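We're numbering straight along the sequence, starting at 1. Because the structure is predicted, anything quoted here is derived from the model rather than measured.
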Amino acid sequence: MQFSNGAQTILDQFAADQGLRQLAFDEDGLIPIQLGEDLFIAVGYNPANDIFFFLSVIDPDGDSALPDPWWAFARNQELAARRTRLAVEPTSKALMMIADTLVSGLQFPDFTSRLDAFVADVEKVRQAYGELGAAGDGTDTLSALSNGDMIRV
């Protein structure tokens with residue numbers, strides 16, 4: 001995958017921040033990250049639009065378990081200002097949270113702040129979703145994101 005200079009710089013800084021020489025994308029084009037026992041996110045890059053995107057599985061069976069689409073719509077209104085949204089993955093029907101950020105003008109502190117805000121949003125939505133009684137136990141979220149190696153933070 002080809003990276004813009006700005007994206008490569010941020011990836012290099014992210015790797016150094018994690019104590020790694022470099023970060024490698026898996027076969028799905030993602031960098032999977034495990035945060036705690038059952039919180040998994042992934043970082044991806046879209047070279048066509050020069051954006052980083054973050055994603056996390058809220059519920060692997062979300063399409064069948066979500067009792068009311070209005071619930072997701074209302075959350076998307078809260079998340080939109082941060083370029084974050086809930087979506088159903090077309091193949092697996094998993095309920096996912098996705099965010100993106102433009103690389104142009106992005107500095108590493110802004111990248112990490114954006115990533116931290118995404119994780120906070122994921123935790124908040126997972127809690128609200130769990131209160132609906134529809135969320136899974138998180139055991140399938142790792143396989144829903146990727147089969148690659150995990151960064152443990």
Side-chain angles (χ1 to χ4, degrees), residues 1-4 6-7 10-11 14 18 23-108 110-153:
M1 180 182 314
Q2 290 290 340
F3 300 101
S4 68
I10 289 172
L11 288 172
F14 189 37
Q18 298 298 315
L23 295 173
F25 288 82
D26 66 12
E27 65 275 0
D28 296 321
L30 301 172
I31 302 169
I33 303 169
Q34 181 176 354
L35 304 166
E37 274 188 45
D38 68 344
L39 179 57
F40 301 92
I41 66 169
V43 176
Y45 176 70
N46 179 334
N49 297 325
D50 197 25
I51 61 169
F52 283 112
F53 59 91
F54 313 123
L55 56 97
S56 182
V57 176
I58 302 299
D59 183 3
D61 301 315
D63 188 45
S64 60
L66 190 62
D68 182 0
W70 183 257
W71 183 90
F73 179 75
R75 289 324 153 294
N76 277 339
Q77 288 180 322
E78 300 167 13
L79 299 168
R82 292 180 296 285
R83 297 180 60 105
T84 304
R85 61 214 165 273
L86 289 167
V88 174
E89 200 282 330
T91 307
S92 69
K93 304 299 185 198
L95 179 64
M96 309 201 51
M97 183 175 284
I98 304 162
D100 61 68
T101 188
L102 297 170
V103 173
S104 178
L106 186 66
Q107 300 296 317
F108 183 65
D110 300 325
F111 174 82
T112 58
S113 293
R114 183 79 174 98
L115 190 55
D116 289 343
F118 177 74
V119 170
D121 284 339
V122 168
E123 290 173 331
K124 182 178 175 183
V125 168
R126 284 180 67 197
Q127 180 179 359
Y129 189 70
E131 290 170 2
L132 289 174
D137 64 3
T139 57
D140 295 324
T141 58
L142 176 59
S143 62
L145 279 175
S146 172
N147 295 325
D149 295 328
M150 301 299 293
I151 299 172
R152 300 198 191 304
V153 180

Novice: Below 30° counts as parallel, above 60° as perpendicular, anything between as tilted: where do the rings of Phe111 and Phe14 land?
Specialist: perpendicular
Novice: Report the distance from atom CZ of Phe54 to atom CG of Leu115, rounding to the nearest 0.5 Å.
Specialist: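 Output value for this atom pair is 5.0 Å.
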Novice: Any chance you could measure Met96, atom CE, to Asp59, atom CG, to the nearest 0.5 Å?
Specialist: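 The CG atom of Asp59 is 11.5 Å from CE of Met96, to the nearest 0.5 Å.
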Novice: Within this structure, what is the CG-CG distance for the pair Leu86 and Leu79, rounded to the nearest 0.5 Å?
Specialist: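 Going from CG on Leu86 over to CG on Leu79, the span is 6.0 Å.
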Novice: Minimum heavy-atom separation for Ala99 and Thr84, please, with both atom names.
Specialist: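 That would be CB-OG1, 3.3 Å.
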Novice: ring-ring contact (aromatic ring centres under 6.0 Å, His included) with Tyr45: which residues, sequence neighbours excluded?
Specialist: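 Partners of Tyr45 by the ring-ring contact (aromatic ring centres under 6.0 Å, His included) criterion, ordered by chain and then number, come out as Phe3, Phe52.
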Novice: Could you tell me whether Gln2 atom CD has more than 12 heavy atoms of other residues or ligands within 6.0 Å of it?
Specialist: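 No.
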Novice: Does anything in residues 94-104 pair up under side chain to side chain donor-acceptor pair (under 3.5 Å), and if so which pairs, sequence neighbours excluded?
Specialist: Arg83-Asp100, Arg85-Asp100
Novice: Measuring from Asp38:CG to Leu35:CG, what's the distance to the nearest 0.5 Å?
Specialist: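 Answer rounded to 0.5 Å: 10.5 Å.
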Novice: Identify the two heavy atoms, one from Leu30 and one from Gly44, that lie closest to each other, and give their separation to 0.1 Å.
Specialist: CD2-CA, 4.1 Å
Novice: Can you name the nearest heavy-atom pair linking Gly6 to Val103, along with the distance?
Specialist: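 Minimum heavy-atom separation between Gly6 and Val103: C-CG1, 3.6 Å.
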Novice: By side-chain hydrogen bond (donor to acceptor under 3.5 Å, both in side chains), which residues pair with Glu78, not counting sequence neighbours?
Specialist: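 None.
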Novice: Roughly how far, to the nearest 0.5 Å, is the OG1 atom of Thr112 from the CD1 atom of Ile10?
Specialist: 9.5 Å
Novice: Tell me which pairs pass salt bridge (Lys or Arg N to Asp or Glu O under 4.0 Å) where either residue lies in residues 113-124, with sequence neighbours left out.
Specialist: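 Pairs touching residues 113-124 that pass the test: Arg82-Asp121.
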Novice: By the salt bridge (Lys or Arg N to Asp or Glu O under 4.0 Å) test, which pairs, at least two apart or in different chains, include something from residues 40-54?
Specialist: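 For residues 40-54: none.
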Novice: Taking all non-hydrogen atoms of both residues, which atom of Leu23 and which atom of Leu11 are closest, and how far apart?
Specialist: CD1-O, 3.9 Å
Novice: With side chain to side chain contact (heavy atoms under 4.5 Å, CB included) as the criterion, how do Ile33 and Gln18 come out once you've worked through the C-alpha distance, each side chain's angles and the decisive distance to 0.1 Å?
Specialist: CA-CA 11 Å; Ile33 303 169; Gln18 298 298 315; over 6 Å; no
Novice: Grab the two heavy atoms, one from Ile98 and one from Ala87, that are nearest each other, plus how far apart they are.
Specialist: CD1-CB, 3.9 Å
Novice: My understanding is that only residues two or more places apart in sequence, or in another chain, count here; which of them pass ring-ring contact (aromatic ring centres under 6.0 Å, His included) with Phe108?
Specialist: none
